[in-house]
Every structure is written in C-alpha cells, then in structure tokens.
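Following: one structure in structure tokens, then a few remarks.
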Amino acid sequence: MKVSTWNVNSIRVRMPHLVDWLREDLPDVVALQETKVEDISFPKEDIENLGYTAVFSGQKSYNGVAFLFQKTNKPELIKTPSFFDSQKRIIAINLEDLVFINIYVPNGSSVGSEKYEYKLQWLSALVDWLKKTFSKNSKLVLMGDFNIAPNDIDVHDPEVWKDKILCSILERQAFKDIIDLGFYDAYRLVHKDGRAFTWWDYRLNGFRRNFGLRIDHILVSDQLRESLVKVEIAKNLRALDRPSDHAPVVASFSTYL
DNA sequence: ATGTCGCTCGAGGAGCGA
C-alpha cells in the first residue's frame with residue numbers, strides 16, 4: 001500500500017502534474033490540500049479516468065481537501081466536528097480497517113496574530129476530536145499540510161526561523177500533543193536524521209537555494225509502524241515548470257489494501 | 001530581503017492569503 005499527501009496549491013492549475021504523477025507513481029491513497037475549488041467544480045471525471053475515485057470538501061479561493069483512492073476501494077466518510085465546518089480543512093475516511101485523515105492546518109500568518117490564535121485553536125480542536133473518536137487500537141493515518149516544522153532539523157536555517165511562524169514553540173507543542181496521542185512521524189521512523197524539506201517558498205528563489213521546511217507529514221498509529229517500508233519526498237515535482245510550492249510525501253507499507 | 005504565485009472581482013490591476 002502506497003499512501004501520499006500533497007498540497008497542490010490549486011488543483012485546477014496543478015492538474016497536469018497531478019495526472020502525470022498518479023500515472024507514474026500509482027499511489028493507493030492520496031490526500032490533497034489547497035484544492036481551492038468548490039465541490040461543483042472539482043475535476044471528478046478527470047480523476048476517475050485515471051482509475052481513481054475522489055471524495056472532497058472544498059470552498060471558493062481558499063483551502064479545500066480531497067482524498068483520491070483506487071476505484072476498487074469503497075470508503076465511508078467519517079463525520080468531523082462542526083468546529084471545522086467554516087473552513088474546508090479536514091476530511092476523514094474509513095477504508096476497511098483503516099482510518100485516513102487528511103488535514104490542511106491553518107498557516108497562522110505570523111506569531112501573535114488573530115490567524116495564529118485560530119491555528120492553535122484549530123489544532124486543539126483536532127486533538128480533542130482525535131482523542132474522543134479513536135481508540136489506541138485504531139489503525140490511523142493522519143496526514144497533510146501541518147504547517148509546522150516539528151524540530152530544528154526540519155528547517156534550512158533554524159536561526160532565521162527561530163520563534164517564527166511554522167516553527168514557534170506553541171505550534172511545535174501542538175504537534176507534540178498530536179504525537180503524544182500515539183502517532184509516529186513516518187518520515188522520521190525511516191530517516192532518523194538528515195535535513196529534508198517538503199515546502200520551499202516561491203519567493204527568494206527558495207527551491208533553487210534549498211531554503212525549505214518539512215511541514216507536510218504522514219503520521220501513523222502504532223499498528224502501522226511495523227509495516228512501514230519506505231518514506232520519500234517527491235522533490236522532482238517541485239522542480240517542474242509551474243510547480244506547487246509543496247512536494248508530495250509518499251509512504252509505502254508492506255501490508256494492507 | 002514585502003521578492004512569487006494563485007485566487008477574486010470584473011474587465012485592468014488591486015488586494016488577499018500563503
């Protein structure tokens with residue numbers, strides 16, 4: 001089973017890259033963020049023509065999340081709390097004995113801003129919901145754009161980013177609160193150390209200078225840990241013309257689906 | 001280092017969010 005997450009930054013603009021990537025990589029489950037389309041405009045048929053089914057929750061201009069999965073699979077949507085209703089940032093499905101949760105955590109703008117407070121509230125609501133909805137025995141994959149670089153090793157220049165948005169103490173604490181529910185950062189299970197990034201700012205020639213952060217994550221619960229084989233960042237997609245500012249993260253498992 | 005993208009509104013480019 002191959003599971004991946006990618007912030008596409010507009011599915012309409014990124015459709016050619018998405019199509020090529022699905023054809024080449026053949027992931028079983030894909031979590032997309034920042035689709036930026038209302039449900040009525042989601043490119044459902046183009047996705048179906050590639051052998052995938054899509055479930056999505058979008059809005060105009062901003063946010064929007066979607067799951068793509070191989071057509072043969074039959075997932076059920078899991079209801080999320082009304083707290084998450086106003087901005088389309090979360091979608092969850094049940095697929096056989098697995099639960100997949102796709103999140104697009106608020107960016108937070110700058111530390112101390114109203115948007116920053118909203119980010120912290122959103123993360124706190126996520127922890128509450130996870131805690132009360134799932135048990136220790138649940139087989140969970142929680143993935144998406146967390147907009148948090150968990151540690152200094154996930155940042156190209158920790159001094160520059162110290163206490164800044166995506167790296168502040170409270171954001172990192174919120175990430176740890178999620179981990180403490182019983183999740184493992186799949187990337188770090190496989191790559192104990194080493195700097196690797198999933199997002200590079202469009203500004204400042206970020207990608208060419210490798211000024212990046214690792215803010216997109218695939219977290220797995222304990223039961224899935226043993227079967228995790230490989231986790232890679234598809235950096236090649238960030239190097240294309242008209243790229244998303246994020247690269248996909250891809251996790252391969254030896255079992256399931 | 002306020003730099004680049006993608007969006008909306010609405011008909012050209014300003015303003016917002018990331």
Side-chain angles (χ1 to χ4, degrees), chain A residues 5-21 31-43 46-47 56-66 84-91 102-123 126 143-150 154-168 170-172 174-175 197-217 233-249:
Chain A
T5 178
W6 188 21
N7 179 325
V8 288
N9 187 16
S10 169
I11 195 167
R12 279 191 283 226
V13 173
R14 226 61 64 199
M15 206 54 195
H17 292 351
L18 178 63
V19 168
D20 288 348
W21 177 57
L32 302 175
Q33 303 86 35
E34 281 203 273
T35 53
K36 297 186 177 179
V37 286
E38 290 176 291
D39 292 348
I40 192 90
S41 310
F42 193 91
D46 296 333
I47 298 289
F56 37 84
S57 175
Q59 67 185 92
K60 200 193 271 190
S61 308
Y62 310 116
N63 312 320
V65 285
F84 298 114
D85 288 351
S86 62
Q87 298 186 15
K88 305 302 186 192
R89 297 179 175 276
I90 187 166
I91 189 167
N102 175 7
I103 58 172
Y104 173 48
V105 175
N107 170 281
S109 188
S110 60
V111 174
S113 67
E114 261 177 49
K115 292 195 174 78
Y116 180 74
E117 292 306 320
Y118 179 70
K119 179 179 195 171
L120 296 176
Q121 281 172 25
W122 197 95
L123 287 161
L126 177 69
M143 59 185 156
D145 178 357
F146 285 65
N147 268 319
I148 301 171
D154 304 309
V155 181
H156 70 92
D157 188 339
E159 281 309 306
V160 167
W161 284 86
K162 189 176 162 56
D163 298 329
K164 297 283 194 319
I165 198 68
L166 315 181
C167 300
S168 73
L170 292 178
E171 290 166 273
R172 286 179 170 178
F175 186 84
F197 313 129
T198 63
W199 169 80
W200 298 260
D201 204 316
Y202 284 127
R203 295 167 288 190
L204 309 169
N205 236 334
F207 185 63
R208 208 169 294 175
R209 299 158 79 187
N210 202 27
F211 289 180
L213 275 72
R214 195 174 69 90
I215 58 175
D216 301 86
H217 308 291
I233 298 164
K235 206 175 160 179
N236 56 310
L237 273 86
R238 183 62 178 81
L240 300 172
D241 284 338
R242 274 201 106 176
S244 166
D245 44 353
H246 297 250
V249 183

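Proteins get letters first, then strands, A, B, ... in listed order; numbering begins at 1 in each.
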Rounded to the nearest Å, what distance is computed from the NE2 atom of residue His17(A) to the P atom of nucleotide dC5(B)?
-> 12 Å

What nucleic acid atoms does Arg238(A) come within less than 4.0 Å of, heavy atoms only: base, sugar-phosphate, or nothing?
-> nothing

Under 4.0 angstrom, heavy atoms only, what part of the nucleic acid is Tyr104(A) near: base, sugar-phosphate, or nothing?
-> sugar-phosphate

Is a side-chain donor-acceptor pair under 3.5 Å present for Glu171(A) with Ser168(A)?
-> yes

Any side-chain N or O of Arg89(A) under 4.0 Å from OP1/OP2 of dA18(B)?
-> yes

For dA18(B), does either OP1 or OP2 sit under 4.0 Å from a side-chain N or O belonging to Arg203(A)?
-> no

Pairwise P distance, dC16(B) and dG10(B) [rounded to whole Å] = 15 Å

P spacing across the pair dT2(B) / dC7(B), given as an integer number of angstrom = 25 Å

Should the pair His156(A) and Phe211(A) be assigned to parallel (<30°), tilted (30 to 60°) or perpendicular (>60°) ring geometry?
-> parallel

Indicate every side-chain donor-acceptor pair of residues 236-244 of chain A with a distance under 3.5 Å to a residue at least two apart or in another chain.
unit_1	atom_1	unit_2	atom_2	d
Arg238(A)	NE	Ser244(A)	O	3.4
Arg238(A)	NE	Asp245(A)	O	3.2
Arg238(A)	NH2	Trp200(A)	O	2.8
Ser244(A)	OG	Asn7(A)	O	2.6
Ser244(A)	OG	His246(A)	N	3.0
Ser244(A)	OG	His246(A)	O	3.4

Polar-atom pairs under 3.5 Å, protein N or O versus N or O of nucleotides 7-11 of chain B: list them with distances, or write none.
unit_1	atom_1	unit_2	atom_2	d
dC7(B)	OP1	Ser10(A)	OG	2.4

With sequence neighbours excluded, what pairs up with Gln87(A) under the side-chain hydrogen bond (donor to acceptor under 3.5 Å, both in side chains) test?
-> Arg89(A)

